[in-house]
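First up is the structure itself, then whatever we jot down about it.
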Amino acid sequence: MTDTKMTEVTESVEEFRARAKAWLAQNMPRIDPDNPPEVHRDEEASWQRARELQKRLHEGGFAGICFPREYGGLGLDVEYQKAFDAETLDYELPIILNVPCFTICCATILDMGSDAQKRRHISAALRGDEVLVQLLSEPSGGSDLAGVITRADQQGDRWMINGAKTWSTSAFAADYGLCLARTNWEVPKHEGLTMFLVPIKHPAITIRRIKQVNGSMEFCEEFFDNVDVGDDAVVGEVNNGWAVASRQMYHERRSIGNGSEFSSGLGSEGPQVAPIDYRRLAEKAGQAENERVREMAGRALVHRAVSEQLSDFVFRGVRDGTLPPAAGSIIRLFTADTHNLEINTAMAIAGTQTVVGQDDELLYLGVRFLARQSGSLGGGTTEMARNVIGERVLNFPREYAAGRGVPFNQVRRNSPR
Amino acid sequence: MTAVESPEKILFASTTQAFLEKETSLSHVRELHAADASFDPAWWRRAAELGWAGLLVPEELGGGSVSGNGVEDLAMVARLAGKTVAPGPLHPVSVVLAGLVDAHSSYAHAATISALVAGESIASWAVYEPGTQWAPLHPTVTATPTEDGYRIDGIKDRVEAGGESAVLLVVTRCDDAIRQFLVPTKTAGVKIERESSIDLVKRYARVHFDGVRVDESAAVGGADEAPALIDRQSQVAQVLQCAEVVGILDAVLDFTIQWAFDRHTFGRPLVSYQALKHRFADMKMWFEACRATTAKAVADVAARRPEADLSASIAKSYVGERATEILHGCVQMHGGIGVTWEHDLHLYLRRAALYRSLFGTPEEHNLRVFARLEGLTSAK
């Protein structure tokens, strides 16, 4: 089998790059990389567009470069993905499908799912037919993910799911969600969980959109009221859902710093998340010749560059085994710190126009400042990242947890909200 | 170092490491300091025999590197040297050689190069001038053409190992151009004064050039070459500093983490406290970031990529900013013992603080990075 695979990869990275470049020029919509169209993750139309673009990629033979061939991908090394990415900046790509659909959900199904699940869902996602999301956090708790109280009870050959999930990215636009539910309450919390692939459009699921400080409505809350699914919805094994959730978190940590080989395309999602242009800010604020401002901006640019260098370095380190897989948390933490430094620097340079005025671009910076901590919360807080680095990279003793080794139904917890 | 090094490079690394551990222990550094010495010239000759000084020099000029990538190999030596804050003129000799071998006149300097590679002679780059910060392309020391050569006048300072050097590579203004000259320190009119440094063994000098006459052959490269050579020398100096600091951080974090496992307070090891675990997590992150940006800078300088100056500035800024914070954090983890003369922490902190500032402070490099990335013409 390895032999077959070896002989199939005859195209060099450079040949692949050249072919991708030509194909992109022929098939994908061109954009101005310095001024990319805004992609609103909280709008249904953006997701329809992403599905169409993904379909084109698939038809052109450039979908799922690092996913195995048997599940609809190309089965190529990350170097091919990087070469492809390098050619994509001038084109519109379905980049909103990267996180969480490809880099977290499909990556986890690839690692933990049944062969039938891989054949069905990974290839459907690569064709642009399915969008997958995560249904993990609950209103009753944030960082203590293993303490979920959404329940799944077996009734004959069906599972009945009841409870609530929250902070689910883009769930309103999705087809399936990886839903972590409690299937055994008599055992310690990590041992009684099961991961289910749940159809989001199930009539017994009610979705509510969450509005954030910055006005975004990309996150959702879902209420499960007797949602029934079959055994084929179980990912991994019954009561072994924590292993699946851990794998999702592993992939999530890698995805945040752009360290996942399953991410495709480098483009930006538009001005809202485009890198801050300090020179432009300084000019708008009449500070372009101010050396103090230039130095501050230079520092932010240094940290931005190091953030990229670190992502690459850690990715290679984990791949080569010189760093443990948990080192992905280093990227997560650095990205959050850099985000805060950048927003603070932008505020400092732009001055009052970020809080009062008529310049929407600068006022939006003020809004980004208000929502700044999102970067240190989403995908696991930075405090949790520091715990992971301390305990699983530096091997320090673990924090005390009252629920360790105790049956979950005897552990104190918050009541459902 | 990655997992895919050649056997030759692994052997070179292990030989270098064994030599450093045996001959440049921290107690040796303290002994040198107590004896008011910087380094032992005989020791440097033995280090040169291991190939340290020839890594940037092509084989036809008597040098060579095991991997064929001299900058990478040299950065590895610097990193290993950082683990015991080793003494010696690795940086000044390497920086001078980087300029000499790149100049079109390199063969004219073959004797100097050969003596430096053999460790028989020491050289240093005279680039800083009193009262100014990092501005290598803005010298005020002058070189005035004479009938048989040049006359050099002015003052340089912060010249590493200036008092130990046989020859200096001096950056000058010559008419409207910038030129570099090799000036033997024994030449009439050269006066060397020792400067104090916070490092225990690294020494610096202020050098006066008072009507110093050199002949035509002292010029390194033509008038059009100097800016590029100075850029290259700067980059080599900066990545060597970063690499050595990565070695310093590696050693200090290692023993500080071990200390935190072993040291108990209120009946618990220090590493069981979340407040301290989180500080260590930050330090680990900053350390990996220092490694990452240094690796990138070393690779870009080694490959002579067009963005090598930018990568070197990014690394120099970031490592300069973070390294001393990490080391101060390690002092904090040690408690009172960390601020004693007896503890070795200050040996490392001294070297890192020295390198934070020399060849461009983080603040100076931030200005360069802004100018470079925003397409502006010059930083200063």
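Naming convention: chains lettered A, B, ... in sequence-line order (proteins, then strands); numbering from 1 in each chain.
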message: I need the contact set between residues 307-338 of chain B and chain A: heavy-atom distance under 4.5 Å, sorted by residue number.
response: B/Ile314, B/Ser317, B/Tyr318, B/Glu321, B/Arg322
- prompt: Nearest heavy-atom pair of B/Thr293 and A/Gln309: which atoms, and what distance?
  reply: OG1-OE1, 2.6 Å
task: Take A/Val393 and B/Lys284 through the test side-chain contact (heavy atoms from CB on, under 4.5 Å) and record every step on the way to the result.
output: CA-CA 9 Å; A/Val393 179; B/Lys284 173 70 172 170; 3.7 Å; yes
message: Counting C-beta onward and ignoring hydrogens, is there a side-chain heavy-atom pair between B/His278 and A/Asn387 closer than 4.5 Å?
response: yes
field: Over 12 non-hydrogen atoms of neighbours within 6.0 angstrom of CZ in A/Arg398
entry: no
query: Between A/Glu399 and B/Lys277, is there a side-chain N and carboxylate O pair less than 4.0 Å apart?
result: yes
query: Do the ring centers of A/Phe396 and B/Phe280 come within less than 6.0 Å of each other?
result: yes
message: Would you compute the distance between atom CZ of B/Arg279 and atom CZ of A/Arg386 and round it to the nearest 0.5 angstrom?
response: 11.5 Å
field: A/Glu383, part contacting chain B, at a heavy-atom distance under 4.5 Å
entry: both
- request: Starting at CD1 of A/Ile330, measure out to CZ of B/Phe287 and round the result to the nearest 0.5 Å.
  value: 10.0 Å
statement: Whatever's closer than 4.5 Å to a heavy atom in chain B on A/Arg280 counts as neither
Chain A interface, residue from B/Cys290, B/Ala281, B/Ala295 that has the most non-hydrogen pairs under 4.5 Å: B/Ala281
message: Could you walk me through whether A/Arg279 and B/Leu373 satisfy the side-chain contact (heavy atoms from CB on, under 4.5 Å) test, starting with their C-alpha distance in whole Å, then the side-chain angles of each, then the deciding distance to 0.1 Å, before giving a yes or no?
response: CA-CA 10 Å; A/Arg279 183 185 186 181; B/Leu373 284 176; over 6 Å; no
- prompt: Looking at A/Leu323, A/Asp277, A/Val388, A/Leu333, which one has more heavy-atom pairs under 4.5 Å with chain B than the rest?
  reply: A/Leu333
Spacing of A/Thr335 atom OG1 and B/Met285 atom CE [to the nearest 0.5 Å]: 9.5 Å
Smallest separation among heavy atoms of A/Gly298 and B/Phe370, with atom names: CA-CB, 3.9 Å
Within 6.0 Å of CZ in A/Arg319, more than 12 heavy atoms from elsewhere: yes
CD-CZ distance between B/Glu288 and A/Phe313, expressed to the nearest 0.5 angstrom: 5.5 Å
task: Can you check whether anything in residues 257-271 of chain B gets within less than 4.5 Å of chain A, heavy-atom wise, and list it by number?
output: B/Ile257, B/Phe261, B/Val271
task: Mind checking the CD-CG spacing from A/Glu295 to B/Asn366? Nearest 0.5 Å is all I need.
output: 4.5 Å
message: Just checking A/Lys284: does its NZ atom have more than 12 heavy atoms from other residues, nucleotides or ligands closer to it than 6.0 angstrom?
response: yes
